[in-house]
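The basis for the numbers below is simple: all heavy atoms, side chains too, and nothing from hydrogens, waters or symmetry mates. Whatever order the structure lists them in is the order used to number ligands and atoms, beginning at 1.
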Amino acid sequence: MSAALRRILPAVAVVLVAALALPVATRADALRVTWRPAKPRPGDVVMVQIAGVGEAATVEGSLGEHNLTFFPYAGGQAAMVGLDVDEKPGTEPWRVAVVETGRTPRTARGDLRIASRKFNIQHLTLPSGMVDLDAETERRAVEEGERLRALFRTSTPVRLWHGRFTRPVPGSEPGTGYGARRIINGQPRAPHTGIDYAVDRGTPVVAVNGGRVALVGDYFFPGRLVVLDHGLAVYTLYFHLDTVGVTDGEMVERGQPIGTVGATGRATGPHLHFGAHVGGARVDPASLLGLAVSD
Ligand SMILES: [Zn+2]
């Protein structure tokens with residue numbers, strides 16, 4: 001036996017013993033995976049919760065083409081998935097895999113049905129200067145859109161939000177217009193991917209949950225804007241602001257004022273355009289606000 005082999009053999013033996021000592025999975029070890037809502041629609045934010053795993057477990061999984069990023073939640077693990085406004089209805093397969101020290105790796109799989117959803121068609125008449133852009137403005141708007149999309153593709157690897165998401169403006173009127181197929185001056189345009197709150201100029205706008213100010217800007221369509229990064233690829237957007245009271249990189253808490261309602265950018269009057277992105281998907285912000293999160 002060579003000296004090198006003699007050195008390796010005890011290590012191999014230890015690995016073998018460790019493998020034999022692993023407990024055998026029993027029925028009681030089965031993963032309990034819950035999807036909420038159970039029949040989501042395009043635009044929904046879906047929470048997948050796994051019970052029967054420790055907060056220290058390593059969990060990975062997917063739903064169709066979405067990768068799931070798990071975080072410790074309510075004594076187990078959970079992940080949030082965003083279904084885009086253009087998500088196709090149908091059946092998506094999902095799977096999760098759990099690795100915990102001292103236990104046999106466990107997996108679970110199944111199917112999630114995504115129901116169909118009808119969106120309104122909205123006809124708008126706007127001054128042509130807001131619609132038919134000159135080449136330079138067009139370039140600016142395209143570049144600003146790309147900068148936002150690049151931001152939404154990045155993910156801060158920690159969860160900065162906790163507990164329920166709160167309304168960005170006072171009152172109880174639901175925001176409107178998510179997913180509306182827009183026909184502006186007779187021409188079909190991109191769908192409206194946020195919700196609009198018709199509130200007076202100067203109304204305080206608050207952070208809907210804890211996060212970090214990822215962007216403060218003055219863009220052609222959104223006007224004065226703030227984007228908050230809530231971690232794990234969850235972002236919220238606040239457009240057409242009159243004033244902004246936060247700066248890039250600042251940490252904010254749920255309910256903290258970040259600016260006031262205005263009509264900057266392409267807006268026909270004072271209102272708050274509020275948007276949300278989860279894992280790069282343009283989700284219905286009302287779905288985020290409606291999540292029954294406890295942790
Ligand atoms: Zn809007």
Side-chain angles (χ1 to χ4, degrees), residues 42-45 82-86 117-133 137 140-142 144-149 151-152 165-208 214-228 234-244 258-278 280-290:
D44 278 350
V45 178
L83 302 183
D84 193 76
V85 67
D86 285 333
R117 177 173 181 179
K118 277 212 160 31
F119 293 111
N120 290 335
I121 294 173
Q122 205 175 20
H123 291 267
L124 293 175
T125 307
L126 292 172
S128 65
M130 280 184 173
V131 183
D132 306 311
L133 311 181
T137 311
R140 173 187 165 191
V142 166
E144 288 170 347
E146 276 166 7
R147 216 177 302 159
L148 285 175
R149 277 191 296 280
L151 173 61
F152 302 142
F165 288 76
T166 190
R167 284 171 63 90
V169 287
S172 57
E173 277 302 290
T176 58
Y178 176 76
R181 267 39 188 183
R182 292 189 141 179
I183 299 173
I184 300 177
N185 298 354
Q187 301 235 36
R189 301 279 170 160
H192 183 247
T193 53
I195 52 180
D196 294 324
Y197 292 98
V199 277
D200 293 339
R201 185 191 304 272
T203 304
V205 174
V206 302
V208 296
L215 181 71
V216 171
D218 193 351
Y219 284 10
F220 181 74
F221 288 123
R224 236 164 255 138
L225 70 101
V226 170
V227 176
L228 298 184
V234 177
Y235 292 90
T236 52
L237 298 58
Y238 311 79
F239 288 180
H240 311 305
L241 299 174
D242 193 43
T243 61
V244 171
I258 57 171
T260 56
V261 171
T264 56
R266 189 168 78 182
T268 48
H271 73 283
L272 175 70
H273 172 104
F274 172 55
H277 284 240
V278 173
R282 303 159 296 174
V283 300
D284 185 348
S287 172
L288 189 68
L289 301 185

Return the name of the atom in Asp196, of element N, O or S, nearest to the Zn ion (ligand 1). OD1
Report whether any nitrogen, oxygen or sulfur of His271 sits less than 2.8 Å from the Zn ion (ligand 1) (N, O or S, backbone or side chain). no
If I take every N, O or S atom of His192, is at least one of them less than 2.8 Å from the Zn ion (ligand 1)? yes
Could you walk me through whether Tyr219 and Arg147 pass the side chain to side chain donor-acceptor pair (under 3.5 Å) check? CA-CA 11 Å; Tyr219 284 10; Arg147 216 177 302 159; 3.3 Å; yes
Report all side-chain donor-acceptor pairs from residues 183-197 shorter than 3.5 Å, counting only partners two or more places apart or in another chain.
unit_1, atom_1, unit_2, atom_2, d
Asn185, OD1, Leu126, N, 2.8
Asn185, ND2, Leu126, O, 2.9
His192, ND1, Gly177, O, 2.8
His192, ND1, Gly194, O, 3.1
His192, NE2, Asp196, OD1, 3.4
His192, NE2, Asp196, OD2, 3.2
His192, NE2, His273, ND1, 3.1
Asp196, OD1, His273, ND1, 3.3

Which of the N/O/S atoms in His273 sits closest to the Zn ion (ligand 1)? ND1
With sequence neighbours excluded, residues passing ring pair (Phe, Tyr, Trp, His ring centres under 6.0 Å) with Phe152: Tyr235, His277
I'd like to know whether Ile258 forms a side chain to side chain contact (heavy atoms under 4.5 Å, CB included) with Val206, so could you lay out the CA-CA distance, the side-chain angles of the two residues, the decisive distance to 0.1 Å, and finally the verdict. CA-CA 5 Å; Ile258 57 171; Val206 302; 5.9 Å; no
